[in-house]
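What follows is one structure encoded as structure tokens, with my remarks underneath.
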Amino acid sequence: MPPNFRYVQAKSVKEAVKHLAGLEARIHAGGTDLLGCLHDHVFGAEKIVSISRITALQGISQTANGGVRIGALSTVTEVEESPLIKRLYPGLAQGAAEVASPQLRNQGTLGGNLCQKPRCWYYRGEFHCLRKGGDQCYAMGGENQFHCIFGGDTCYIVHPSDTAPPLVALGASVKTHGPHGSRTIPVETFHMPPARDPRRETVLEPGEMVTEILIPPPLPGLKSSYRKVRARRAWDFALAGVALAIQVKDGIVRHARVVFSGVAPVPWRSREVEEVILGKALDRDTVLKAAEAAVKGADPMEKNGYKIPLLKAVVEEELAASR
Ligand SMILES: Cc1cc2nc3c(=O)[nH]c(=O)nc-3n(C[C@H](O)[C@H](O)[C@H](O)COP(=O)(O)OP(=O)(O)OC[C@H]3O[C@@H](n4cnc5c(N)ncnc54)[C@H](O)[C@@H]3O)c2cc1C
Ligand code: SF4
């Protein structure tokens, strides 16, 4: 049984932020993640603030500078199927298409996808682990086959979103609104590394919400893509994945952003791979060197060492395919 809570339906962003103050309040967008967490007592809530009727949070449109604005309430399906996004940022459309199942994509929103809670089975189960306010990580020395190989520090989750890595690769930002007004945060720094705070998933402050996602205009000829490997062909979270945003001019890579999914607690930008490919042709030698660089600094746990060859292979294949 979920806990008892008050439920309010906000009609504007201002009203939502007002409702979020005070009691232990939670935002309800599509509810696909929130309701499961409440049902399983991952966390409690005294008040649920639904934002689903706030029309200002909807819509996907081109901005004056040639980029795109996506309202936080846009469903994952809307992102996946938007002709504008498919044309300008195919990597993001591919990321959205990789999220969960069609039903969940129809109900889940982009804002919720970026703010969802991690899937560590200890966290989602009865264990009062570090992320839930306890004093230890049960994945260390436990069943850690789906945990991270980079950036673990104190908590070894993998970041669950398939839309965040392409958004980081594309240089996107989130716009937020909270008790202290609005701010714009690059998606690259939006998620909280465990080394800074193992109990928070994002840098959002209490009462602050995501209102829109802004993507800059793509560089001329920019190619973007997202590739995800999962254990089953049905819906599942990434074991490893890579989002690319690459500009090639005269056969040479002039711009590169490479971001991993499924291997770190936040979308993991691989500057190591970027350094190897920048200024080079994506020939076989460069691609193999980049695949080696992809796992530099990886620190696997007892049961997830398979992610090392998996990540290398995904990076190699995806870079070779982007030639
Ligand atoms: C079975 C299953 C499989 C899944 N598989 C995948 C997958 O493969 N890949 C993937 O990426 N995702 C996956 N998901 C996650 C799914 O994509 C998310 O549940 C969904 O996108 C969240 O959107 P929502 O609108 O339903 O969020 P909600 O459930 O309403 O909210 C999720 C969280 O974000 C907060 N929140 C929501 N909107 C905002 C906002 N605007 N500002 C600040 N905080 C906000 C809520 O308070 C809550 O904590 C899966 C989920 C399930 C249940
Ligand atoms: S990995 Fe993080 S969420 Fe999972 S048990 Fe350890 S502290 Fe908890």
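In listed order, ligands and their atoms are each counted from 1. Residues take their numbers from the sequence shown, with the count starting at 1. Computed from heavy atoms alone, side chains included, the values below leave out hydrogens, waters and symmetry copies.
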- [ ] For atom 6 (Fe) of ligand 2, count the protein N, O or S atoms found under 2.8 Å away.
- [x]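 Atoms of protein N, O or S type lying less than 2.8 Å from atom 6 (Fe) of ligand 2 total 1.
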
Any N or O on [X] sitting closer than 3.5 Å to an N or O of ligand 1?
| X | result |
| --- | --- |
| R26 | no |
| A100 | yes |
| S161 | no |
| G30 | yes |
| T163 | no |
| K228 | yes |
| L35 | no |
| V210 | yes |
| I27 | yes |
| K117 | no |

Please state which part of [X] comes within less than 4.0 Å of ligand 1, counting heavy atoms only: side chain, backbone, both or neither.
| X | result |
| --- | --- |
| P160 | backbone |
| E212 | neither |
| L110 | neither |

In terms of atom number and element, which parts of ligand 1 are under 4.0 angstrom from non-hydrogen atoms of [X]?
| X | result |
| --- | --- |
| A29 | 25 (O), 30 (O), 37 (C), 38 (N) |
| M209 | 42 (N), 43 (C) |
| D33 | 19 (O), 29 (O), 32 (C) |
| D236 | 8 (O) |
| L204 | 43 (C) |

Closer than 4.0 angstrom, basic N to acidic O: yes or no for [X] and [Y]?
| X | Y | result |
| --- | --- | --- |
| E80 | R105 | yes |
| K228 | D162 | yes |
| R269 | E188 | yes |
| E208 | R183 | yes |
| E212 | R69 | yes |

With a 4.0 Å cut-off on heavy atoms, is [X] touching ligand 1?
| X | answer |
| --- | --- |
| I51 | yes |
| R119 | yes |
| R105 | no |
| G36 | no |
| T176 | no |

- [ ] Kindly determine whether Y306 and L239 satisfy side chain to side chain contact (heavy atoms under 4.5 Å, CB included), including the steps that lead there.
- [x] CA-CA 10 Å; Y306 70 91; L239 295 176; 3.6 Å; yes

At what distance, to the nearest 0.5 angstrom, does [atom1] of [X] lie from [atom2] of [Y]?
| X | Y | atom1 | atom2 | answer |
| --- | --- | --- | --- | --- |
| I54 | S12 | CD1 | OG | 6.0 Å |
| C129 | Y123 | SG | OH | 7.5 Å |
| I252 | L282 | CD1 | CG | 9.0 Å |
| S50 | K11 | OG | NZ | 11.0 Å |
| E316 | E292 | CD | CD | 9.5 Å |
| E317 | K312 | CD | NZ | 13.5 Å |

Identify the closest protein heavy atom to [atom]: which residue and atom is it, and at what distance?
| atom | result |
| --- | --- |
| atom 1 (C) of ligand 1 | W235 CH2, 3.5 Å |
| atom 6 (C) of ligand 1 | F237 CE2, 3.2 Å |
| atom 23 (O) of ligand 1 | T109 N, 3.2 Å |
| atom 15 (C) of ligand 1 | Q116 OE1, 3.1 Å |
| atom 9 (N) of ligand 1 | D162 OD2, 2.7 Å |
| atom 2 (C) of ligand 1 | L104 CD1, 3.4 Å |
| atom 44 (N) of ligand 1 | C115 SG, 3.5 Å |
| atom 16 (C) of ligand 1 | N113 ND2, 4.0 Å |

- [ ] Determine which pairs satisfy salt bridge (charged side-chain N to carboxylate O under 4.0 Å, His left out) with at least one residue from residues 125-137, sequence neighbours left out, and list them in order.
- [x]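 For residues 125-137: R131-E201.
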
Open item on the list: Does the structure place the NZ or CZ of R230 under 6.0 Å from the centre of the six-membered ring of F237, at an angle of no more than 45° from the ring's axis?
Closed with: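 Checked: cation-pi criterion not met.
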
- [ ] Quick one: do V99 and W235 satisfy side chain to side chain contact (heavy atoms under 4.5 Å, CB included)? Show the steps, please.
- [x] CA-CA 7 Å; V99 169; W235 69 262; over 6 Å; no

Task: Parallel, tilted or perpendicular: ring planes of F127 versus Y122, cut at 30 and 60 degrees - done: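 If you compare the ring of F127 with that of Y122, the planes turn out perpendicular.
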
TODO: Using the side chain to side chain contact (heavy atoms under 4.5 Å, CB included) rule, take K280 and K289 through it: C-alpha gap first, then chi angles, then the decisive distance, then the call.
DONE: CA-CA 11 Å; K280 308 260 174 48; K289 281 188 184 138; over 6 Å; no

- [ ] Could you tell me which non-hydrogen atom of A294 sits nearest to which non-hydrogen atom of V273, and how far apart they are?
- [x]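 Closest approach of A294 to V273: CA-CG2, 3.5 Å.
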
Task: Residue pair C148 / N304: nearest heavy atoms and the distance that separates them - done: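 Answer, listing the atom of C148 first, then N304: O-ND2, 3.1 Å.
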
Open item on the list: side chain to side chain contact (heavy atoms under 4.5 Å, CB included), that's the test. Do I277 and I246 meet it? Break it down for me.
Closed with: CA-CA 10 Å; I277 63 177; I246 293 182; 4.0 Å; yes

Open item on the list: Minimum distance, heavy atoms only, to atom 28 (P) of ligand 1: which one of G112, G31, A45, S50 is it?
Closed with: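 Nearest heavy atom to atom 28 (P) of ligand 1 lies in G31.
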
Task: Heavy-atom nearest neighbour of atom 20 (C) of ligand 1 within options V13, L73, T32 - done: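 It is T32 whose heavy atom sits nearest to atom 20 (C) of ligand 1.
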
TODO: Answer yes or no: is there a donor N or O on one side and an acceptor on the other, between the side chain of Y156 and the main chain of F150, under 3.5 Å?
DONE: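 Flag not set: sc Y156 to bb F150 has no pair under 3.5 Å.
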
TODO: Under the salt bridge (Lys or Arg N to Asp or Glu O under 4.0 Å) rule, what do D40 and R119 come out as? Steps first, then yes or no, please.
DONE: CA-CA 12 Å; D40 295 340; R119 290 278 154 181; over 6 Å; no

